Undergrad: 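Below you will find the structure I want to go over with you.
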Amino acid sequence: MLRQFHSLSGLIATLFVVLLTISGAVLSLDPLLERSQAKIAGTSSISVAELAGKLITRYPGTEQIQRHPSGSIIVYFTDGDQTGADLINPLTGATIGAYSSSPIMVWIKNLHRSYLLGTPGRVVAGVAAFFMLLLTFSGAVMLINRLGGWRHIFRPIQGPFKQRLHTEVGRVAVLGLILSASTGLYMSAMTFELIPDYSSAEPGFPTHVDGGVPASIDTLSALKVIPITEFRELVYPYPDDPMGVYSITTDQGSGFVDQATGQLLSYQAYGNPQKLYEFIYMLHTGEGLWWLGLLLGLSALAVPLMAWTGIQIWWSRKQSATTINHNSAARLADTIILVGSESNSTWGFAKTLHDALHRLGFQVHTAPMNQLGHHYPQAKRMFMLTATYGDGDAPASANHFLTRLAKMTKTPDVPVAVLGFGDRQFPEFCQFAKEVEAALITKGWPQLLPFETIHRQSPQEFSRWGQAVSSVLDKELTLVHIPAHPASTTLTLVERVDYGTAVQAPTAVLRFKSPEGSHKGLLNRLLRRSGLPHFDAGDLVGILPPGSSVPRFYSLASASKNGVLEICVRHHPDGVCSGFLHGLAIGDTVEAFIKLNPSFRPASGKAPIILIGAGTGIGPLVGFIRNNKAHHPIHLYWGGRSPQSDFLYETELKRYLEDQRLTKLNPVFSRISQGAYVQNKITEDDVELRQLIGEGAQFLICGGRNMASSVAVAVDKVIAPLGGDVATLKAQGRYREDVY
Amino acid sequence: MKRLAITLCLMAAALLSSQSYARDVTLTTELKNYGGDGAYLAIYLTNAQGQYQKTLWVAGKKLKYYKHLSGWARGSGQRKSEYDGLSGASVTEGKTLTVTLDLPDTYIDAGFQLHVDTAVEDMRDNRNDVVVPFTSEGVDKPNNGRGYIKTFTYSF
């Protein structure tokens, strides 16, 4: 709901808000520019009388002196028939230069507050500021929800690049944007007199003026007691008007000064509403607070970026929306599918299940989990497919499910199977699905199938679950889920290195390039493009084996900037895709596409990185080491079978040790005398690892699930004396897994 | 009959005298291209000593900016009664403001002066952008301003 609101307001207001923020960012430079011209140091002890005295000879025609919040002193004068304005050095009274406001800044200011459209434009700008405030607040609430509450607001953000950019930038800019938008809205309301006028009463014009011979301005006692730092404006009387007076304005109030006696004749202090207005005006413009102005300007620049990424996120989400065909009514259906989905991918699986059941002749009703009903008269079975959002929370289409369920006094007597979707690298893997299952059990709801989970939208795991469903249906249910994937590119195998045949673990390092001629365009040559799509080590490549529409994913051991796409593949006896890949000869081609996996990356910074892997899990880890041009400390723990047969990347790793891209190499082999596994080596090195963790080390683990869980147990024991555990490290983004 | 004639004579005299006591005055103010937002203007009369007498026109709607028309603001005390019915919109650069109003003859050729104060946001305030004696001699003679005013002309 909040997301729809956020997207809708964003779409409506984008253009106006972007114009507001870009122009605002330019205007934010003004206080700094003005300050850079002003002469401020050492002026605090000067009084207004002293300042005016310095101008007597140089500016005999002075009419007005102003001090801007930046500290600039400007004198307005007449010289014969001409008028002028000069910037002044208050220490000497010397001219710094002519003063004029830049026409460009005036134009931008008008763009900023009225889109150059006068009063109607000002209304639009006020409404845009309101939208900006709505967007900032709704975005902030979504961010807090996503990170699992206020306390975790500084947690690392995970997800696809554009989403991460949107949220990371938003998290940094949120305070600045709230300040800019709310103060802007206040000023707009003031312009349209929606808030009572702030202006304090003007001091009354003095009823009695001495009328004697005007004294020299530097002797006027009222002006002597006002320091220049409090001064704002002094307006001179007409030169030959004996009844004339000086008007003085300070940051406290305004009044009149007798030109003969130098006395303050009438004075009016500012009221609180005016002081409040001036404070808010300062916060909005940064006038007199140039550093705040710059910070607000920088925050404002985040908005065009967030508008661009926001529209792309919205569009891709809209593209991935699923439509369910042949959806039966709830009261007629024999099979009910309820879906808990945040980003629509779970809907894709629900559709596959729905279609397969429909083909077998079932009457299927598919709906969001929030639409859980009290009564399904015809239903014989029920499926609940749900993802988890953020830190174990309910996804959007299921966020009312548990409360609805809790309120039910009588639950439908229909056996249910719960299937959770998630990613094992998150500490709260399938947490919401588990809560749903537990709540159903508490309610005494009958079970159709035991609770199951699907890791990273794996079509293979889904298909396996389909077989379990077949057994309870007594009908053959085939679930072939084809996740939508981007258009594939053709790649040619250019090199392969084989290992491990002697130890029954045939493994190949395969290197692909774009076919010759596909990247010979002038632009590509200029940009030195390799013709490969963009990817980094740790991302995934989806490979479509011939005759199959279901891709298999492999972790990438290279980045596109390395000029090759490299993967490390072990041949599984029954593996369709690994068999296909191992059968490739140099020059053969494959169809492939990239799936970004941005959370599996070494953190930037100087903290050490501990890479742990076994078998082909070395792939992305080697990619990280290869691209460690900055020579961050990297420690590699890797497990194989035999140093003679399957020491993957042996020569490369030794070279990286020499050129210091790799700090320490810890290979472990299982099929040698006194053989060991990688987790044993971790237990053995506990003292050194604790030292590294103390330095802020980050763990990246890649390999099979069993290895990953053994490693997690070993690391838990290593950390225990430090008072932490793997779950804590995961929450801090310091322990990431890529498991299969 | 005689009484009627006397009444008519008196009425005609009253009519003629009122015509000779007031007349339509047209004030024409052309602005320069000074490169800023719309200008606020105050056109007013002072005596020969420069003391404020009467407001003729105020251009600009936001009261909070009136204090920048500093000569006029001081003289009139910015009292609403001084400019009631004598104000309009601010004037954009390069444009001409034309105002016609009824003014007693007593102000003409009697040592009074016409003043125009001008102010533009973020630019300087011009007290006495124009100051000219209000005389029959000065009719239709353009006067150059010192600030945002290109020419100021009056006629009656």
Side-chain angles (χ1 to χ4, degrees), chain A residues 30 61 63-64 66 68 74-86 99-107 109-110 113-114 116 118-119 190-191 193 197-207 233-247 249 254 256 274 277 287, chain B residues 32-39 46-52 60-80 82 89-90 92-93 113 115-132 143-152:
Chain A
D30 214 24
E63 290 188 336
Q64 196 176 350
Q66 274 183 353
H68 286 190
I74 294 140
V75 57
Y76 295 90
F77 58 91
T78 50
D79 186 5
D81 271 354
Q82 290 305 307
T83 61
D86 280 349
Y99 173 80
S100 64
S101 50
S102 144
I104 298 167
M105 281 297 189
V106 170
W107 187 84
K109 194 170 177 180
N110 276 326
R113 62 186 178 187
S114 69
L116 310 175
T119 306
M190 196 60 108
T191 302
E193 288 165 5
D197 191 14
Y198 63 83
S199 309
S200 302
E202 299 285 325
F205 194 80
T207 46
E233 189 182 67
L234 178 69
V235 181
Y236 284 50
Y238 294 130
D240 43 8
D241 177 8
M243 302 312 283
V245 288
Y246 289 96
S247 316
T249 311
S254 58
F256 296 99
Q274 175 148 1
Y277 176 81
E287 278 181 19
Chain B
K32 294 174 186 165
N33 287 308
Y34 48 79
D37 283 342
T46 67
N47 62 15
Q49 288 75 49
Q51 281 167 331
Y52 170 86
K61 300 224 157 147
K62 289 231 156 58
L63 306 189
K64 64 182 173 189
Y65 298 135
Y66 280 10
K67 64 178 176 211
H68 292 282
L69 302 165
S70 48
W72 170 79
R74 253 186 211 190
S76 67
Q78 299 181 50
R79 281 182 296 275
K80 176 94 178 129
E82 293 288 322
S90 60
T92 320
E93 57 171 331
Q113 293 181 316
H115 291 243
V116 190
D117 288 1
T118 56
V120 172
E121 186 184 12
D122 291 337
M123 295 176 75
R124 66 161 292 160
D125 302 341
N126 292 300
R127 189 167 49 163
N128 293 346
D129 200 329
V130 169
V131 186
V132 285
N143 302 281
N144 293 330
R146 304 183 305 161
Y148 309 124
I149 296 177
K150 193 172 174 188
T151 57
F152 173 77

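Every value quoted in this text rests on a predicted model; they were computed, and no experiment measured them. Below, read A as the first sequence line, B as the second, and so on, with proteins coming before strands; counting in each chain starts at 1.
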Undergrad: Just give me the residue among A:Lys109, A:Glu193, A:Gln66 that pairs up with chain B most often, heavy atom to heavy atom, under 4.5 Å.
TA: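 Highest number of heavy-atom pairs under 4.5 Å: A:Lys109.
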Undergrad: Do B:Glu121 and A:Val106 come within less than 4.5 Å of each other through their side chains, counting heavy atoms only?
TA: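 Result no, sub-4.5 Å side-chain heavy-atom pair not found.
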Undergrad: To the nearest 0.5 Å, what is the distance between CZ (A:Phe77) and CZ (B:Arg124)?
TA: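 Here the interatomic distance stands at 8.0 Å.
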Undergrad: I want to check something: taking the side chain as every heavy atom from C-beta on, are A:Tyr236 and B:Arg127 in contact at a cut-off of under 4.5 Å?
TA: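 The answer is yes; the side chains approach within 4.5 Å.
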Undergrad: Got a sec: does the NZ of B:Lys150 have more than 12 other heavy atoms crowding it under 6.0 Å?
TA: no
Undergrad: Can you tell which part of A:Ser100 gets under 4.5 Å to a heavy atom of chain B, answering side chain, backbone, both or neither?
TA: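 No part of A:Ser100 comes within 4.5 Å of chain B.
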Undergrad: Measuring heavy-atom distances to chain B, does A:Glu63 have an atom under 4.5 Å in its side chain, in its backbone, in both, or in neither?
TA: both
Undergrad: Among pairs that include at least one residue of residues 66-76 of chain B, which meet side chain to side chain donor-acceptor pair (under 3.5 Å), considering only residues two or more places apart or in two chains?
TA: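 Sorted pair list: A:Ser247-B:Arg74, B:Thr55-B:Trp72, B:His68-B:Asp125.
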